[in-house]
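To keep things clear, I will list the structure first and then write my remarks on it.
When reading the values below, keep in mind they use all heavy atoms of this one structure, side chains included, and skip hydrogens, waters and symmetry mates.
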Amino acid sequence: MRQMARRGFVAGAAGVVAAVVSTITMAGEAVAVPSRRAGSGPADTAPRKGGHHVARRELRGMWVATVANIDWPSAPGLTAAAQEAELIAYLDEAVDRRLNAVILQVRPTADALWPSPYEPWAQYLTGVQGKDPGWDPLGTAVREAHRRGLELHAWFNPYRVANHTDPSRLVATHPARLHPDWVLPYGGKLYYNPGIPEVRRFVQDAMLDAVRRYDIDAVHWDDYFYPYPVAGQVFDDDATYAKYGAGFPDKAAWRRDNTDKLVRETAERIKKIKKNVQFGISPFGVWRNAATDPLGSDTKAGVQTYDDLHADTRGWVQKGWIDYICPQIYWNIGFAAADYAKLLPWWDAVVRGTGVDLFVGEALYKAGDPAQPAAWQDPAELSRHLDFAAAYDQVRGHVYFSGKNVVTDRIGTMDRVVADHYRSRVRPPR
């Protein structure tokens, strides 16, 4: 994901997890059950006719990132038993925090955390791309999440191939090596070229294999479509545009159409395979600034998804192509360039009447980071986000980045959210 500052366990031992997980940052990217954390917040219940209160359905999720071993596994090359124990500890932590969904990254770099017939095993498991880790992480995650009353959303990255530009470092059978014409280097990374129809079909096939084989609750994408702009570099798809771009006014419109096709086609194919599997996307929080487009938000963001990532996130909602959208509103209340208190109402208005659920991506990773503004040094900042969001009826939940930060909870921000808002576990909004 577009992490502004994102950079073993023993089974079920969240305290051990907190002790062994180091703080790393990287640029970029039920019914009520007892818990050790006490809390009594108003967000758990909603008044109904007759004065009775019933549990309010909402999504309470956390992302667990596998790329570069951000969250899990804590390091490549652990034994299968150690990897599984770490994964189970994250699921137990979600239960303990009274969450109800885990969004697990299962295709971080054109690879897989399940035995895929399309792509190699992810190197983040064993340290060697293509090496069988000796167990099925996705299958285990689905089974153990459901056993705990958690939804398991499988998180895929469609186009990122590698966090380097050397194809020879990929396993010899990697599709990017078998089809070198599919791949473009940019910004120190390798990407599949979204403008090639065969590429779009292949990445869909690779992702949908997991939908067919596992009882996942949702297909989840983050904010990476066309890559974020890198100063002084060009994403060199001129030849592809010349071949496929006839009829479009410019390359930007053609690129947006390519991304639209990926989203629309994937949505259609998911429902054909399993109607009950949700399709959700978690984009960068700003579609367009109002200065660029009067339909945009009152922001001055340096990145606009429509223009820079060629991703019409607002359009996908209004066309009903996706089941939920989870914008990464990764700024504090009052932040001048992109104010949480302005962006959330904008997204509330976008989804109204569409039938698309709105969940809010929350920047837990910023809490207590000394490089962040003063607001993020206050443990109550995210609790205030939930207080603010409670006034907007289209907001159906919140998701926290990321699992490591939920566990370590540097300044007690997640503790405060749980105490103020998550008195008991509730079911997701299905």
Side-chain angles (χ1 to χ4, degrees), residues 1 3 6-9 20-22 24-29 63-90 102-142 154-180 182-192 199 202-203 205-207 209-210 213-214 220-222 224 227 402-404:
M1 310 182 77
Q3 300 95 299
R6 302 182 174 184
R7 288 285 208 236
F9 302 58
V20 302
V21 176
S22 60
I24 302 174
T25 60
M26 65 181 291
E29 93 183 79
W63 283 286
V64 175
T66 60
V67 66
N69 299 98
I70 290 175
D71 292 318
W72 176 81
S74 58
L78 301 179
T79 65
Q83 290 175 16
E84 183 172 356
E86 288 191 356
L87 178 61
I88 295 301
Y90 271 121
V102 170
I103 302 174
L104 177 66
Q105 191 174 32
V106 298
R107 185 180 183 267
T109 49
D111 47 21
L113 273 80
W114 75 94
S116 168
Y118 294 93
E119 294 177 310
W121 283 103
Q123 65 182 343
Y124 308 114
L125 295 168
T126 64
V128 179
Q129 189 175 65
K131 184 178 178 180
D132 189 334
W135 68 300
D136 181 354
L138 177 54
T140 301
V142 170
W155 167 15
F156 307 85
N157 187 285
Y159 291 130
R160 182 173 56 207
V161 174
N163 287 326
H164 57 76
T165 59
D166 183 1
S168 70
R169 291 171 57 185
L170 303 174
V171 67
T173 55
H174 197 291
R177 292 190 67 177
L178 301 177
H179 302 277
W182 286 4
V183 180
L184 290 172
Y186 180 78
K189 300 179 181 182
L190 286 175
Y191 295 92
Y192 282 129
V199 164
F202 172 78
V203 299
D205 290 344
M207 292 182 286
D209 178 65
R213 297 173 64 177
Y214 300 97
H220 181 97
W221 293 351
D222 56 21
Y224 289 113
S402 64
K404 181 183 299 182

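- Between Phe202 and Trp182, the two ring planes are tilted [angle within 30° to 60°].
- Put simply, the side chain of Asp205 reaches to within 4.5 Å of the side chain of Tyr118, judged on heavy atoms.
- Partners of Arg213 by side chain to side chain donor-acceptor pair (under 3.5 Å), not counting sequence neighbours, listed by chain and number: Asp209.
- When all heavy atoms are compared, the tightest approach of Thr165 to Gly188 is CG2-C, 3.3 Å.
- Residues Pro137 and Val106 form no side-chain contact, since every pair of their non-hydrogen atoms from C-beta on lies 4.5 Å or further apart.
- No side-chain heavy atom of Ile70 sits under 4.5 Å from any side-chain heavy atom of Trp63.
- Heavy atoms only, all atoms of each residue included: Ser168 and Arg177 are closest at O-NH1, 3.5 Å.
- Contact annotation: the side chain of Val128 never approaches that of Val171 to less than 4.5 Å [non-hydrogen atoms, C-beta and beyond].
- Ring planes of Tyr192 and His174: tilted class, angle from 30 to 60°.
- To the nearest 0.5 angstrom, Arg107 atom CZ is 13.5 Å from Leu138 atom CG.
- Between Pro108 and Val67, the shortest heavy-atom contact is CB-CB, 3.8 Å.
- Residue Phe156 comes nearest to Ala210 through the heavy atom pair CZ-CB, 3.9 Å, listed as atom of the first residue, atom of the second, then distance.
- Here the straight-line distance linking atom NE2 of His220 with atom CD of Gln105 works out to 9.5 Å at 0.5 Å rounding.
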Test side chain to side chain contact (heavy atoms under 4.5 Å, CB included) applied to Tyr124 and Leu113, step by step = CA-CA 9 Å; Tyr124 308 114; Leu113 273 80; 5.8 Å; no
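- Separating the CG atom in Asn69 from the CG atom in Leu125 is a distance of 8.5 Å, to the nearest 0.5 Å.
- Between the CH2 atom of Trp155 and the CD1 atom of Ile103 there is a distance of 8.0 Å, given to the nearest 0.5 Å.
- A 4.5 Å side-chain heavy-atom check between Thr66 and Trp72 finds at least one atom pair inside the cut-off.
- Residues Leu170 and Val161 have side chains in contact (heavy-atom distance under 4.5 Å, counting atoms from C-beta outward).
- At a cut-off of 3.5 Å, with distance as the only test, no side-chain donor of Thr140 or Glu84 sits close to an acceptor on the other residue.
- Residues Ala162 and Lys189 come closest through the heavy atom pair O-CB, 3.3 Å.
- In terms of heavy atoms, Tyr224 sits closest to Arg160 at CE1-NH1, 3.8 Å.
- Of the possible polar contacts, none joining the Asp111 side chain to the Pro120 backbone as a donor-acceptor pair under 3.5 Å is found.
- How far OG1 of Thr109 is from CG of Asn157: 8.5 Å, rounded to the nearest 0.5 Å.
- Side-chain contact between Trp114 and Val142: absent, with no pair of heavy atoms (C-beta onward) separated by less than 4.5 Å.
- To the nearest 0.5 angstrom, Leu190 atom CG is 8.0 Å from Asp166 atom CG.
- Side chains of Trp121 and Thr126 form no contact here, defined as non-hydrogen atoms less than 4.5 Å apart.
- The backbone N or O of Ser74 sits less than 3.5 Å from a side-chain atom of Glu86, completing a donor-acceptor pair.
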